[in-house]
2 protein chains.
Amino acid sequence: MKVKNRPNEIEIVIIEDEQDMLELLEYIFQKEGYRVTGFLSTDKVEQFLEEENPSILIVDRNLPKVDGADFVANLRKLGYAIPVIFLTAKDRDSDIIEGFDSGGDDYITKPFKPKELLARVSAVLKRSGISQYDKLKYRDIVIDCKSQDVMVGDAYVNLTNLEFKLLELFIKNSHQVLTRDFLRDAIWEDDGDFNDKTINVALSRLKKKIDPKEDKNYFTPIWGVGYKLT
Amino acid sequence: MKVKNRPNEIEIVIIEDEQDMLELLEYIFQKEGYRVTGFLSTDKVEQFLEEENPSILIVDRNLPKVDGADFVANLRKLGYAIPVIFLTAKDRDSDIIEGFDSGGDDYITKPFKPKELLARVSAVLKRSGISQYDKLKYRDIVIDCKSQDVMVGDAYVNLTNLEFKLLELFIKNSHQVLTRDFLRDAIWEDDGDFNDKTINVALSRLKKKIDPKEDKNYFTPIWGVGYKLT
DNA sequence: TTATTAAGATAACAATTTGATTACATTCAA
DNA sequence: TTGAATGTAATCAAATTGTTATCTTAATAA
């Protein structure tokens, strides 16, 4: 299956007991570029939250064992502050109210329009200060500007601040030649005497960290001008 | 008599000209644990806002002298961003729209169900980032923002006020790099001269208390930038 | 093509900066 | 006034970054 160009790596957790509905939801969100983890019950969710750090929960209120709202209320009691959107077939006032009360950030009634669902998720994420633009992607590199985490393939790479700033700048200006002057102004804020080779060395170190096998050729030197990311 | 502002106790201001209704509203919110200040007119409200810092305004649109919506529009003009919910007996579209236009975050039509009112207040507060949940969790740390209790694993840890504020800030912004500048502004609100190392020392003390064996590595220093909780 | 030259890559070294920690001083609140 | 909390100074350790030197690569002209 073709994976659509992913603008972000925001992780969504869905709890929905109906297999068909769960698959539909997974499809909707994955198509939008979210990373989705689905659960048919609340059983393993708490454990999952311990280990991962998803950005939002989508919870069906009508789950077989526990009421979704109770489950979320319990999560809140335990200290989880993750945003929640409830899915519910009911639309009686009492249910909606209870949903909000137990710590939901929004709710959607089934049947729903996929677009509306996506819009609400988007709105809740925005309110929670989670932006899809915090993460930048380039080839197999994903950098998170808020955490300064860098993933190459599926491995974390430790970069220094200088290296991170460099990589960020290149990714934000990918496919453009960044001249040495530009780099100097942007990263080093020139202090008069500036050794030509400083940039070479800094880039060399960066290359070595994100591509230790030296077979990816992220950077192309433009002779006498600068570099570009390719 | 003025009661000292307790941290994390949410304060609600109600403006309602009918004495009975005001008392009912005060009762409803107080029962839910909110701190309530009621006004029979808009007269003293602005002065009150100068001094206190309530989390939300509940405003009747049909006030004797001024229209509630006009009053709120004026507040907005003055720069108050406090969330507002309108109470209104009217329900024609034009009124509702006017209410939103003048800076309301939600509205409720009388007669209302107490539960619905509470739910809407709750939702608006949540949208504004004001949480009524006082527990936050991060890995094996649970902090109670109200009592300032801190549990690590299953042991209570005694933190000083400064240490608690630091930990709370980091947990609320986990997985993000908090720069030294940010920390200084958020915790120390400093006045110019500020010893660089104050942050190091404060964090060092915090680390020692929540991780005396030094094997948990809650904090990762980002060299030359700040720290993040991981 | 080949020699020449300017630029790029990289390793090793050194300087500098920053972080951690301890001990001590000061402040603040009971 | 006293003790806890917090800021400051000093020391040590470690990480980052710039510099230098050497080698490699690419452009250019004879």
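Convention: sequence-line order gives letters A, B, ...; per-chain numbering from 1.
With DNA chain C read from its 5' end, the first of the two nearest nucleotides for Arg180(A) and Gly224(B) is the one closest to Arg180(A). Comparing Leu159(B) and Lys209(A) against DNA chain D, the residue whose closest nucleotide sits nearer the 5' end is Leu159(B).
Aromatic rings from Phe39(B) and Phe48(B) are positioned such that their centres are separated by under 6.0 Å.
Of the candidate nucleotides dG8(C), dT6(D), dT17(C), dG8(C) has the atom nearest to the side chain of Trp223(A). Between dG19(C), dT6(D), dT17(D), one nucleotide has an atom nearer to the side chain of Thr160(A) than all others, and that is dT17(D).
Where the helix from dT1(C)-dA30(D) to dA30(C)-dT1(D) starts and where it ends, the local axes point in directions that differ by 40°; five pairs per end, rounded to 10°.
Atom-to-atom distance recorded for Asp149(A):CG and Asp134(A):CG is 12.0 Å, nearest 0.5 angstrom. To the nearest 0.5 Å, atom CD of residue Glu168(A) and atom CG of residue Asn173(A) are 10.0 Å apart.
In this structure, Lys207(A) does not pair ionically with Glu163(A), as no charged nitrogen and carboxylate oxygen lie closer than 4.0 Å. With respect to the salt-bridge test (charged N to carboxylate O, under 4.0 angstrom), the residues Arg120(A) and Asp106(A) qualify. For the pair Asp105(A) and Arg76(A), the salt-bridge criterion is met [side-chain N within less than 4.0 Å of a carboxylate O].
Backbone-only contact: Lys208(A) has heavy atoms under 4.0 Å from sugar-phosphate atoms and none from a base. Phe219(B) comes within 4.0 angstrom of nothing in the nucleic acid, heavy atoms only.
We find that CZ of Phe164(B) is positioned 18 Å from C1' of dT6(D), with the value rounded to whole Å. Taking atom CG of residue Leu183(B) and atom P of nucleotide dT6(D), one finds them 16 Å apart after rounding to whole Å. Rounded to a whole Å, the CD atom of Glu214(A) is 13 Å from the C1' atom of dT24(D). Distance Lys197(A) NZ to dA7(C) C1': 7 Å, rounded to the nearest Å. When rounded to the nearest whole Å, the span between CD of Gln148(B) and P of dA5(D) equals 12 Å. Look at CG on Asn195(B): it is 19 Å from P on dA23(C), rounded to the nearest Å. As rounded to whole Å, 15 Å separates atom P of dG8(C) from atom NZ of Lys228(A). With rounding to whole Å, Phe194(A) atom CZ is found 9 Å from dG18(D) atom C1'.
Contact check, Thr198(A) against dT17(D): no side-chain N or O comes under 4.0 Å of OP1 or OP2. One finds no side-chain N or O of Trp188(B) lying less than 4.0 angstrom from the OP1 or OP2 phosphate oxygen of dT6(D). When the side-chain nitrogen and oxygen atoms of Tyr227(A) are compared with OP1 and OP2 of dA7(C), none of them lie within a distance under 4.0 Å.
Residues from residues 200-207 of chain B placing a heavy atom under 4.0 Å of any atom in DNA chain C, listed by number, are Asn200(B), Val201(B), Ser204(B), Arg205(B), Lys207(B).
Between Val157(B) and Val152(B), the shortest heavy-atom distance links the atoms CG2-CG2, 3.8 Å.
In this structure, a donor-acceptor pair under 3.5 Å is absent between the side chains of Asp181(B) and Thr179(B). No hydrogens or angles considered: nothing links the side chains of Asn74(B) and Tyr80(B) as a donor-acceptor pair under 3.5 Å.
Listed by chain and number, the residues in a side-chain contact (heavy atoms from CB on, under 4.5 Å) with Arg180(A) are Ile199(A), Asn200(A), Tyr227(A) (sequence neighbours excluded).
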